[in-house]
Novice: 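To start, I am sharing the structure in question, which I have written as structure tokens.
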Amino acid sequence: MRNVLLASLCLALCACSDPPPNEEAPPPEPQAAAAAEEHTELRDAMQAPLDKARAVEAEQEQRDADRDQALEDAGG
């Protein structure tokens, strides 16, 4: 019984190993770079509102920092 389990375990481990590399087939060409260059208009349209929101957030943080500094300078 123990030998059967050991043999089946070895067989399962051999089945999980990587297949040998295929030297004849060339690697596939990357398609993401070409697609990214073609769709810059869509990417820019999606990025614009995010950039605007980041700018507003930075401006709000600066106003809060200025207000806090004014309160500290006033002694409060």
Novice: In chain order, what residues pass the side-chain hydrogen bond (donor to acceptor under 3.5 Å, both in side chains) check against Arg63, with sequence neighbours excluded?
Specialist: Gln60
Novice: Calculate, to the nearest 0.5 Å, the distance between atoms CG and CG belonging to Asp66 and Leu71 respectively.
Specialist: 11.0 Å
Novice: The criterion is salt bridge (Lys or Arg N to Asp or Glu O under 4.0 Å); which residues satisfy it with Asp64, sequence neighbours excluded?
Specialist: Arg67
Novice: side-chain hydrogen bond (donor to acceptor under 3.5 Å, both in side chains) with Glu59: which residues, sequence neighbours excluded?
Specialist: none
Novice: Applying salt bridge (Lys or Arg N to Asp or Glu O under 4.0 Å), name anything that partners Arg54, two or more places apart in sequence or on another chain.
Specialist: Asp51
